[in-house]
Amino acid sequence: MTVSLHVAVHGAGAWGTALAMVAARAGHSVTLVTRNPSIAVEINTGHRSVYLPDARLSEDIVASDDVAVLSEADVVLCAVPAQATAAEALRIGPHLKPGTPLVSCAKGIDARSGLLVSEVLAGAIAHVPIAALSGPGFAVDVAAGLPTAVTIASEEGDLAERLCQLLAGPAFRPYASRDLVGVQLGGALKNVLAIAAGIVAGARLGASAEAAVITRGFVEMRRLAGAWGAKPETLMGLAGLGDLVLTCSSLQSRNFALGHAIGAGEPLPQKLAEGVATAEIAVTRAAAFGVDVPIMAAVAAILDRRLTVEEAIDALLSRPLKREDF
Ligand SMILES: NC(=O)C1=CN([C@@H]2O[C@H](COP(=O)(O)OP(=O)(O)OC[C@H]3O[C@@H](n4cnc5c(N)ncnc54)[C@H](OP(=O)(O)O)[C@@H]3O)[C@@H](O)[C@H]2O)C=CC1
Ligand SMILES: O=C(CO)COP(=O)(O)O
């Protein structure tokens with residue numbers, strides 16, 4: 001039987017709010033921490049959030065705009081964007097009790113340092129064990145209580161298994177892993193590839209081309225993640241292939257939707273798409289490892305306006321065929 005704990009979620013955006021609902025459904029008392037006082041009021045009085053307008057939040061979820069409340073938590077889930085993590089880690093670190101598990105829930109690579117989000121957290125907050133949660137799951141689906149399976153990874157003892165037990169519910173199924181690097185790289189790199197798939201869809205290049213880009217992109221993901229230290233089997237699982245399939249096939253994905261708008265020549269959506277900041281750093285790290293990532297490089301070049309979509313497609317199609325590409 002799972003013991004009822006005090007779970008805090010730092011970052012009350014769509015994902016943080018959905019994860020707060022998961023923790024509440026699993027029987028825990030939950031504090032959702034936002035930097036926006038009006039969001040805290042909206043949650044505490046109306047049990048609603050602008051980030052998930054169709055969801056009604058449990059009354060067991062209490063929101064606060066004071067990071068000091070994190071000192072009362074037994075477990076903290078960090079759900080702010082990857083590029084905000086370095087600054088947020090400095091803010092939250094002093095409030096965490098020593099030994100409180102800290103779970104990174106963002107999907108990205110810190111563009112400034114080239115570090116994984118777990119490494120950013122560990123570098124800033126030395127007194128807590130770190131884990132990462134990733135895998136295929138849209139916040140709206142999770143909030144609606146639709147079936148979802150994710151991976152939770154940690155290199156610390158049985159922490160991943162304990163976190164899985166803590167958060168599991170009838171519709172939310174976490175699987176434990178020790179591959180902290182692979183689980184995060186799957187979540188981060190699929191964002192870049194979802195932009196690529198979206199560009200192909202938006203440019204109406206056909207379902208066959210979309211399948212080719214997803215498959216070729218998956219090869220790049222496995223190559224780069226392998227050079228980075230990920231286990232190959234992790235990328236074949238929920239946090240790699242699973243999330244790639246989800247985000248490359250739905251306009252619900254902000255990364256896919258961004259790519260789609262680029263490919264169609266439409267105005268770009270303003271919503272957070274983590275792949276934007278991750279693309280360039282992924283390509284830089286790939287170059288340092290001597291790993292070939294032409295699709296990710298094309299995405300980075302398009303985002304940086306070094307190439308138009310047409311030029312990037314021409315460059316990809318005119319590449320000499322290599323056996324290892326298939
Ligand atoms: N949405 C989804 O379906 C999923 C998202 N994720 C990942 O979760 C992470 C967060 O995404 P999501 O919740 O959707 O994003 P949202 O844009 O919905 O929310 C971001 C949250 O982070 C807070 N925040 C703190 N600092 C910053 C900052 N510097 N810039 C922007 N926001 C900041 C925001 O606060 P404020 O409200 O004050 O702006 C807000 O609470 C991303 O890494 C994403 O890839 C993972 C799985 C699913
Ligand atoms: O990671 C996600 C689903 O697993 C959400 O993807 P987007 O950030 O592209 O919306």
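Note that ligands are numbered from 1 as they come in the structure, with each ligand's atoms numbered from 1 the same way. Being a predicted model, the structure only gives us computed values, none of them experimental.
Between Arg35 and ligand 1, an N or O atom pair is found at a separation short of 3.5 Å. Looking at Gly11 next to ligand 1, no N or O pair under 3.5 Å apart turns up. Ligand 1 has no N or O atom lying under 3.5 Å from any N or O atom of Phe138, backbone or side chain. The distance criterion of under 3.5 Å between nitrogen or oxygen atoms is met by Gly13 with respect to ligand 1. The shortest N or O to N or O distance between Gly135 and ligand 2 is under 3.5 Å.
One hydrophobic cluster, built from ILVMFWY side chains closer than 4.5 Å, holds both Leu189 and Ile214.
Of all the atoms in ligand 1, the ones that sit under 4.0 Å from a non-hydrogen atom of Ala106 are 43 (O). If you number the atoms of ligand 1 from 1 as listed, the ones under 4.0 Å from a heavy atom of Arg254 come out as 1 (N), 2 (C), 4 (C), 5 (C), 11 (O), 12 (P), 14 (O), 15 (O), 44 (C). Residue-ligand proximity, Ala139 to ligand 1, at heavy-atom distances under 4.0 Å covers atoms 1 (N), 2 (C), 3 (O). Against a heavy-atom cut-off of under 4.0 Å, Asp243 is close to the following atoms of ligand 2: 3 (C), 4 (O). Residue Ala84 has at least one heavy-atom neighbour below 4.0 Å for each of these atoms of ligand 1: 26 (N), 27 (C), 28 (C), 29 (N). Residue Ala12 approaches ligand 1 through these ligand atoms, each under 4.0 Å from one of its heavy atoms: 41 (O).
Under 4.0 Å from ligand 1, heavy atoms of Trp15 appear from its side chain as well as its backbone. Contacts between Lys107 and ligand 1 below 4.0 angstrom, taking non-hydrogen atoms only, involve backbone and side chain alike. Of the heavy atoms in Ser134, none comes closer than 4.0 Å to ligand 1. With a heavy-atom cut-off of 4.0 Å, Ala79 touches ligand 1 through its backbone alone.
Judged by the 6.0 Å and 45° rule, Arg254 forms no cation-pi pair with Phe256.
Using a non-hydrogen distance threshold of 4.0 Å, Gly137 registers as a contact of ligand 1. Using a 4.0 Å heavy-atom cutoff, Lys271 is absent from the residues neighbouring ligand 2. No heavy atom of Glu274 sits closer than 4.0 Å to any atom of ligand 2. A heavy-atom separation below 4.0 Å is not found between Gln83 and ligand 1.
Within a 6.0 Å radius of CZ in Arg173, no more than 12 heavy atoms belonging to other residues, nucleotides or ligands are found.
The residue among Asn191, Val150, Thr278, Leu272 with a heavy atom at the shortest distance from atom 15 (O) of ligand 1 is Leu272.
Nearest protein heavy-atom contact of atom 10 (O) of ligand 2 is Arg254 N, 2.8 Å. For atom 3 (C) of ligand 2, the closest non-hydrogen atom on the protein side is Gly137 O, 3.3 Å.
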